[in-house]
2 protein chains.
Amino acid sequence: MEKSLICPRFEKAIGILSQRWTGLIIYQLLNGPQRFCSIESSIGISGKVLSDRLKDLENEGIVKRNVYPETPVRIEYSLTEKGQAMEPLMQEIEKWSQTWLEA
Amino acid sequence: MEKSLICPRFEKAIGILSQRWTGLIIYQLLNGPQRFCSIESSIGISGKVLSDRLKDLENEGIVKRNVYPETPVRIEYSLTEKGQAMEPLMQEIEKWSQTWLEA
DNA sequence: TTATTAACTTACTTTATGTAAGTAAGTATA
DNA sequence: TATACTTACTTACATAAAGTAAGTTAATAA
């Protein structure tokens, strides 16, 4: 039968969002730059997977890793412009969830 | 450290969307009701996982299963109102992907 | 020299997904 | 009557992804 009439860019975007945790990580970073352990505890992800996801998101150009050589070293993750541009999308998810899901 | 200041409804919505394939299934059904094998071939999902996802989405009230007792029996899956309500959200994903991803 | 701290890694277990073959129900055909 | 046909699933088994907990690294402070 016919295969993928779906726009490959849309498919890619969905692929990013449908990976476990990426949505929550991006949502969390919309509040501003955050450190590894802060993201870890706020969304309940394991360190191993967070490490993987941050690398993926950095490769996608969605997240940026900033190193501050203090003592101890401080590393902050923040959204790039590309990542910030997901805000309206997140707002739509929020809107849908407010309307259609129960508390 | 502090845990989940995130709205549970938002978290649930993200949970649905971040399950592999659900986004594409919903997106596909925005084109109108479709049969099992049609969804299967259009997005390239395995029958087993499609079967699981459709059950989940039915339980969530996002997808409806309609049986037409013809020969052979025809079964169509369509979006409920709750499912249709995801259209703006999908449009935002599309918009983001058009702006920020390369072809 | 030892301790401290955050940011990871690694080894291992559990869960999710993929593959391919098989089953069920309801006809139609030989 | 028996066999085949079609779609919509299931099942058994293999591979990949995610979770857990302990360990490593790097920079400096005590």
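In the text below, chain A, chain B and the rest are named by the order of the sequence lines, each starting its count at 1.
Considering only side-chain atoms of B:Lys48, the nucleotide from D:dA12, C:dA11, C:dC8 that sits closest is D:dA12. Listed nucleotides C:dG18, D:dG19, C:dA7 differ in distance to A:Cys37; the shortest reach to its side chain belongs to C:dA7. Of the listed nucleotides (C:dT5, D:dT10, C:dG18), C:dG18 has the atom at the smallest distance from the side chain of B:Ser46. Listed nucleotides: C:dA7, D:dA12, D:dA8. Nearest to the side chain of B:Ile75: D:dA8. Nearest nucleotide to the side chain of B:Trp21, out of C:dG18, D:dT10, D:dA8: C:dG18.
In terms of hydrophobic clustering, with Ile, Leu, Val, Met, Phe, Trp and Tyr side chains grouped at heavy-atom distances under 4.5 Å, B:Tyr68 and B:Phe36 are assigned to different clusters.
The CD atom of A:Glu40 sits 13 Å away from the C1' atom of C:dT9 (whole-angstrom rounding). One atom, CD of A:Glu70, and another, C1' of D:dA26, lie 15 Å apart when rounded to the nearest Å. Nucleotide C:dT17 holds its P atom 14 Å from the CG atom of B:Leu24, rounded to whole Å. Here the C1' atom of nucleotide D:dT7 and the CD1 atom of B:Ile39 are 13 Å apart, to the nearest Å. Rounded to whole Å, the distance from CD on B:Glu76 to C1' on D:dA8 is 13 Å. B:Ile45 has its CD1 atom 14 Å from the P atom of D:dA8, to the nearest Å. Between the CZ atom of B:Arg20 and the P atom of C:dT15 there is a distance of 19 Å, rounded to whole Å. If you take CZ of A:Arg74 and C1' of C:dC8, they are 18 Å apart, rounded to a whole angstrom.
Mapped onto DNA chain D by nearest heavy atom, B:Tyr77 and A:Gln19 fall at different nucleotides, with B:Tyr77 at the one closer to the 5' end. Where A:Asp52 and A:Pro69 meet DNA chain D, the nucleotide closest to each residue was compared, and A:Asp52 sits on the side nearer the 5' end.
Taking the charged nitrogens against the carboxylate oxygens, A:Glu60 and A:Lys12 do have a contact shorter than 4.0 Å, which makes a salt bridge. Under the 4.0 Å criterion applied to side-chain N and carboxylate O atoms, A:Glu58 and A:Lys55 are not assigned as salt-bridge partners.
What you find for A:Cys7 and B:Gln98 is that their closest heavy atoms are SG-NE2, 3.7 Å. Counting all heavy atoms, side chain and backbone alike, A:Met90 lies closest to B:Phe10 at O-CE1, 3.8 Å. Taking all atoms of both residues into account, the shortest heavy-atom contact from A:Lys82 to A:Gly61 is CB-O, 3.6 Å.
No donor-acceptor pair under 3.5 Å is formed between the side chain of A:Trp100 and the backbone N or O of A:Lys95.
Near DNA chain D, defined here as any heavy-atom distance below 4.0 Å, the residues from residues 53-64 of chain A are A:Arg53, listed numerically.
OP1 and OP2 of D:dA8 both lie 4.0 Å or more from every side-chain N or O belonging to B:Ser51.
Residue contacts shown for A:Arg35 are limited to sugar-phosphate atoms, with no base heavy atom under 4.0 Å away.
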